[in-house]
Amino acid sequence: PPGALPPAMPPPARRRLPPAARLPPRTFRSYLPRSHRTYSCVHCRAHLARHEELISKSFQGSHGRAYLFNSVVNVGCGPAEQRLLLTGLHSVADIFCQSCKTTLGWKYEQAFESSQKYKEGKFIIEMSHMVKENGWD
């Protein structure tokens with residue numbers, strides 16, 4: 001009859017996707033070049049630093065060994081506070097992964113001893129929160 005709706009079509013058959021394909025893609029603020037050896041968050045794989053930014057592997061974090069870096073990416077910074085560390089009094093701010101919010105280490109804001117001034121503006125990331133990626137063989 002005029003004005004009547006056409007018969008309803010059955011919905012198309014839905015294909016079941018594997019669980020990983022149903023997750024939204026992860027987006028990070030910064031991506032490091034695939035051609036460089038990098039360190040990533042062990043929890044979510046967000047890029048954290050290039051190997052070229054590594055200053056030292058002989059640091060101690062709150063929960064074990066840690067690396068000192070010149071610069072990092074995809075991290076947020078908490079408020080600075082004074083802490084008495086193994087090498088003296090420092091003003092530090094905890095850093096966390098922007099993607100999964102895991103606390104990774106800290107940023108040295110200020111060193112109060114002249115021999116420790118080289119750490120200012122540098123970042124500590126604990127080894128337990130990092131994974132090496134891209135060409136480490």
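Model, not experiment: these values are computed from the prediction. The figures that follow rest on heavy atoms only: side chains count, while hydrogens, waters and symmetry mates do not. Just so you know, residue 1 is the first one in the sequence shown, and it goes up from there.
- For Ser91 against Ala80, the heavy-atom pair with the smallest separation is OG-CB, 3.8 Å.
- To the nearest 0.5 Å, atom CD of residue Glu52 and atom OG1 of residue Thr38 are 9.5 Å apart.
- Using modelled atom types, one side-chain atom of Ser56 and one backbone atom of Ser58 make a donor-acceptor pair closer than 3.5 Å.
- Here salt bridge (Lys or Arg N to Asp or Glu O under 4.0 Å) pairs that include residues 72-86, with residues two or more places apart or in two chains, are Glu81-Arg83, Arg83-Asp94.
- To the nearest 0.5 Å, the span separating CZ on Phe123 from CG on Leu48 amounts to 11.5 Å.
- One finds the CD atom of Glu126 at 5.0 Å from the OG atom of Ser62 (value rounded to the nearest 0.5 Å).
- Connection of Tyr118 to Leu54 is not established within any shared hydrophobic cluster, with ILVMFWY side chains joined at heavy-atom distances below 4.5 Å, either directly or through further cluster members.
- Through direct or indirect side-chain contacts shorter than 4.5 Å among Ile, Leu, Val, Met, Phe, Trp and Tyr, Phe112 is connected to Leu84, Leu89.
- Applying the salt bridge (Lys or Arg N to Asp or Glu O under 4.0 Å) test to residues at least two apart or on different chains, none of the pairs has a partner in residues 65-75.
- With rounding to the nearest 0.5 angstrom, the CE atom of Met127 is 15.5 Å from the NE2 atom of His63.
- One hydrophobic cluster, built from ILVMFWY side chains closer than 4.5 Å, holds both Val75 and Met130.
- Proximity of a side-chain donor or acceptor of Asn74 to a complementary backbone N or O of His47 within less than 3.5 Å is detected.
- Contact of the Tyr108 side chain with the Leu68 side chain is registered, since non-hydrogen atoms from C-beta on lie closer than 4.5 Å.
- From Gln60, atom CD reaches atom OG1 of Thr87 across 11.5 Å, with rounding to the nearest 0.5 Å.
- Listed by first then second residue, pairs satisfying salt bridge (Lys or Arg N to Asp or Glu O under 4.0 Å) with a partner in residues 106-119 read Lys117-Glu120, not counting sequence neighbours.
- With no hydrogens or angles considered, a side-chain donor-acceptor pair links Ser40 and Glu133 at under 3.5 Å.
- Rounded to the nearest 0.5 angstrom, Gln98 CD and Leu104 CG are separated by 10.0 Å.
- Leu86 forms part of no hydrophobic cluster, judged by ILVMFWY side-chain heavy-atom separations under 4.5 Å.
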Kindly determine whether Arg37 and Lys132 satisfy side chain to side chain contact (heavy atoms under 4.5 Å, CB included), including the steps that lead there.
CA-CA 7 Å; Arg37 293 185 295 172; Lys132 295 176 179 181; over 6 Å; no
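- In the hydrophobic clustering of this structure, Val73 does not group with Ile55; members are Ile, Leu, Val, Met, Phe, Trp, Tyr whose side-chain heavy atoms approach within less than 4.5 Å, directly or through other members.
- In this structure, Cys77 and Ile95 approach most closely via the heavy-atom pair SG-CG2, 4.1 Å.
- A side chain to side chain contact (heavy atoms under 4.5 Å, CB included) with His90 is found for one member of Gln116, Gln110, Gln82 and no other, namely Gln116.
- Phe69 and Ile124 fall into different hydrophobic clusters, where Ile, Leu, Val, Met, Phe, Trp and Tyr residues are linked whenever their side-chain heavy atoms come under 4.5 Å apart, directly or through other members.
- Contact of the Leu85 side chain with the Phe59 side chain is not registered, since no non-hydrogen atoms from C-beta on lie closer than 4.5 Å.
- Taking the ring pair (Phe, Tyr, Trp, His ring centres under 6.0 Å) definition, one finds that Tyr67 meets it with Tyr39, sequence neighbours left out.
- Between Cys41 and Ser99, the closest side-chain pair of non-hydrogen atoms is not below 4.5 Å.
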